[in-house]
Every structure is written in C-alpha cells, then in structure tokens.
Protein chains: 2
Amino acid sequence: MITSPSSLRRSERSRRAILRASLDLCTERGYGRVTVEAIAARAGVSKKTIYRWWPSKGAVLLEAFADVLVDATPFVDTGDIGADLRAHVAGAVRVLSVPPFGPAYAGILSELHHDDTLARAVREQLVDPRVEEAVGRLRGAQDQGQIPPGANLPLAVEMLYGPVYYRHVLGKPVQDEETVAALVDHVLRALRAPGY
Amino acid sequence: MITSPSSLRRSERSRRAILRASLDLCTERGYGRVTVEAIAARAGVSKKTIYRWWPSKGAVLLEAFADVLVDATPFVDTGDIGADLRAHVAGAVRVLSVPPFGPAYAGILSELHHDDTLARAVREQLVDPRVEEAVGRLRGAQDQGQIPPGANLPLAVEMLYGPVYYRHVLGKPVQDEETVAALVDHVLRALRAPGY
C-alpha cells in the first residue's frame, strides 16, 4: 500500500493530538484514571485509531513521555564529556521532576511488572536506544582521550541512570544541580577519566 | 496496658503466619491478585487483625519482603570494605532475582505512585534505615583508612543501590557476580579508596 503525503500528514496530526491528549488527561486525572476511551474522545479520534497504533494507554503515554524526554536530553558533543553528561542527566531529572511527565513515567513503570508487552516497549523503544546513545557519547570521549580505553562504558551508564531511577521510583526528591554534578564527577572518576 | 508474655508470643505467631501467607499468595497468584481477605483466610486470622497492624496488603508484603531482605544483606565488617559491599549488594540482587520476593517488591513499588502511605512506609521502614546502615558501614571503612575522609558516602550508596533498582524496575536481568564486583570496584574508585 502506498501512503500519500496528505494521509501521512493527517496521521502525524492525529498522532500528535493523541499524545497531547494522553498527557493532558494524565495531568488532570492522574495516570491511573486515564483510559483509551478518554484519550480518543479528547483527541477527536476513534478508539480503533488508537488501538491500530498502540496496544494500551501505557503505550500511548510511553510514546508521549519518550518524545519529551528525548527532546530534553540530547547527546551533544561540546568536547567536554563532564559538561555534556551533566547537561544530559540534568535534563532527564528536570523532565521527571514535573507533572505530567514524572507521574506519567511512574505510572508506566508501575505497569511493567504485570504487562510484559509494555515492559518490552519501555526497554526497546526508550531505554535501550538511550543507553546505546549514551555509550556512544562516552565512546566519543574515549576517542578524544577523555576516558581511558577499556573503560566499562555500559556500567558507567547504569551508574548515571540508576540513581535517577532510584529516586524517581521511591518518590524521593530529585537530584539538584550540585548532586548531578557530583554524580557525573564520581562516574568519570570511576572510569579513571584524566582530571577527575 | 500491660501485654503479657504469652499474648506477645501469640502476636508474634500471628504476625509470622500473616507474612508467610502474603508471600505464599504472591507466589501463587501474583502481587496484583493478593487481597487482605485471602491473607487473613490463609493465615487463620480475621481481616480486623491484619488491619490493626497494617493499612494495606502492600504494607503487609513490604514487611514480609523487608524481613527477608534484611536477613539476606547484613552489614558485616570483615575489615575489607570491597568484599563486604560485594556480599551486601549480591545478597540484595539474589533476593530480587527470585519469586516471590522480586515480584513482590516490584508490586510494592508499583503502588507507590498512587499510595502515599505505602510510599512513606517503604522509605521510612525499609530504604532509609538501609541507607543509614550502608553509610555507617562506609564510615567504618573510613575510620580504618580504607576510604578517604570527606568522601561523599550518601552518593556512594545511591551509586550502589541505583543500578540494582534500575534493572529491577525495568525488568532487565539482574546483575551477575562479576557485574556486582565491577560496580563495587567502580564506586570505591569514585571515592578514591586506596587500591581501587
């Protein structure tokens, strides 16, 4: 089937309306009371349209959350791995610290333990690509001599993201700027990065 | 009111029966389908007895999980902080890797975002005391010259526990022994512990 440009445009418009509606409803009602029915009504589409693209409300909210998170946490390369990691982690912390994004992701994570499809989607659509990009950014720093060869980069990424998840799932206050900076310093020192 | 030794014994017997019943039901049905009613029936007590001691099924399972976790992750001091942290973290990973404990804790965490009482109980009854003990063990190592003065010990604890939570809530495979050892090495190196 060939999809025409105008139907693609319409699809993209519907997609955006659906994601926006899911986040708005999350703000108004809390994650637990958002339904696919309400998202459809708010976005002006049919439930069938939603179910054609997503298997559950969790999957809709995951895509909405991921769009915002990815925008807020680009992997820039200014040539200073410390500064770039601080900006990256601080961006993630900022997104998680405000409604509806923080509560939406908490709601999504809360469904993983009984929804294997959503659990796979979180890992495959959000976490694994982000981890791969983070490892890529660290590898770039390695190429520039800022991190020694042979450093355990995947472990470093878990040491950066782990404490952020830890506070988020436990409902502890998110890291402030100083704590993010200390975390990045400690992780770079753990990798024996020169100057840390 | 003076509580007699025999009524304390009876209470402790009921408490143990209730905790055991909650874990057994979690194994059989999964966290989501455990109810206070079923726990009461299985333990041979009234629902009223359970609600006298705990506000929700999540609180019962939290106490059951915490008992097991605390037993599995003592803070020993063999004089070797690396070995002691490896044993401690490996103990936590082992508990989380098997039913019903891993799924029970995932279920408990999944309720935090909409149950503030349970969220507070997890922090105050489980996480904060564990963090305090972990900081205490690190401080002991500091006194023995294994960690430099001025090291950021609370951050170190988050760097140890964070990656464990990260994998647990995302349903990723838990850390193997080698990864736990690498994590502990990296955290001690981040603290500038001599020899790491």
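Note on naming: letters A, B, ... go to the chains in the order of the sequence lines (proteins, then strands), and numbering restarts at 1 for each one. From a predicted model like this one, the values you see are computed outputs, not experimental measurements.
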Practice task
State whether the number of non-hydrogen atoms from other residues, nucleotides or ligands found under 6.0 Å of Glu28(A) atom CD is greater than 12.
Solution key: yes

Practice task
Give, as side chain, backbone, both or neither, the part of Leu170(A) having an atom under 4.5 angstrom from any heavy atom of chain B.
Solution key: both

Practice task
Please check if atom CD in Gln144(A) has more than 12 non-hydrogen atoms from other residues, nucleotides or ligands closer than 6.0 Å.
Solution key: yes

Practice task
Against chain B, label Tyr31(A) side chain, backbone, both or neither, depending on which of its atoms sit under 4.5 Å from a heavy atom there.
Solution key: side chain

Handout entry: Cluster check Val70(B), Leu96(B): I/L/V/M/F/W/Y, side chain < 4.5 angstrom
Key = no

Practice task
Determine, using the 4.5 Å side-chain heavy-atom cutoff (strictly less than), whether Val98(B) and Val93(B) are members of one ILVMFWY cluster.
Solution key: yes

Practice task
Using non-hydrogen atoms and a 4.5 Å limit, figure out which bit of Glu111(A) sits close to chain B: side chain, backbone, both or neither.
Solution key: neither

Practice task
Could you tell me which residues in residues 146-169 of chain B have at least one non-hydrogen atom under 4.5 Å from a non-hydrogen atom of chain A, sorted by residue number?
Solution key: Asn152(B), Leu155(B), Glu158(B), Met159(B), Tyr161(B), Gly162(B), Pro163(B), Tyr165(B), Tyr166(B), Arg167(B), Val169(B)

Problem - Pairwise side-chain contact, Arg192(A) with Arg189(B), heavy-atom cut-off 4.5 Å (strictly under) - result: yes

Practice task
Examine Leu191(A) and Val135(A) and state if one hydrophobic cluster contains both, with Ile, Leu, Val, Met, Phe, Trp and Tyr joined whenever side-chain heavy atoms are less than 4.5 Å apart.
Solution key: yes

Exercise for the section: Kindly work out whether a path of hydrophobic side-chain contacts (I/L/V/M/F/W/Y, heavy atoms less than 4.5 Å apart) joins Trp53(A) to Val34(A). Expected result: yes

Handout entry: pair Leu109(B)-Leu109(A): side-chain heavy atoms closer than 4.5 Å
Key = no

Problem - Residue part contacting chain B, namely of His113(A), when any heavy atom lies under 4.5 Å - result: side chain

Practice task
Write out, in numerical order, the residues from residues 118-127 of chain A with a heavy atom short of 4.5 Å from a heavy atom in chain B.
Solution key: Val122(A), Arg123(A), Val127(A)

Exercise for the section: Answer yes or no: does atom CD of Glu12(A) have more than 12 heavy-atom neighbours from other residues, nucleotides or ligands under 6.0 Å? Expected result: yes

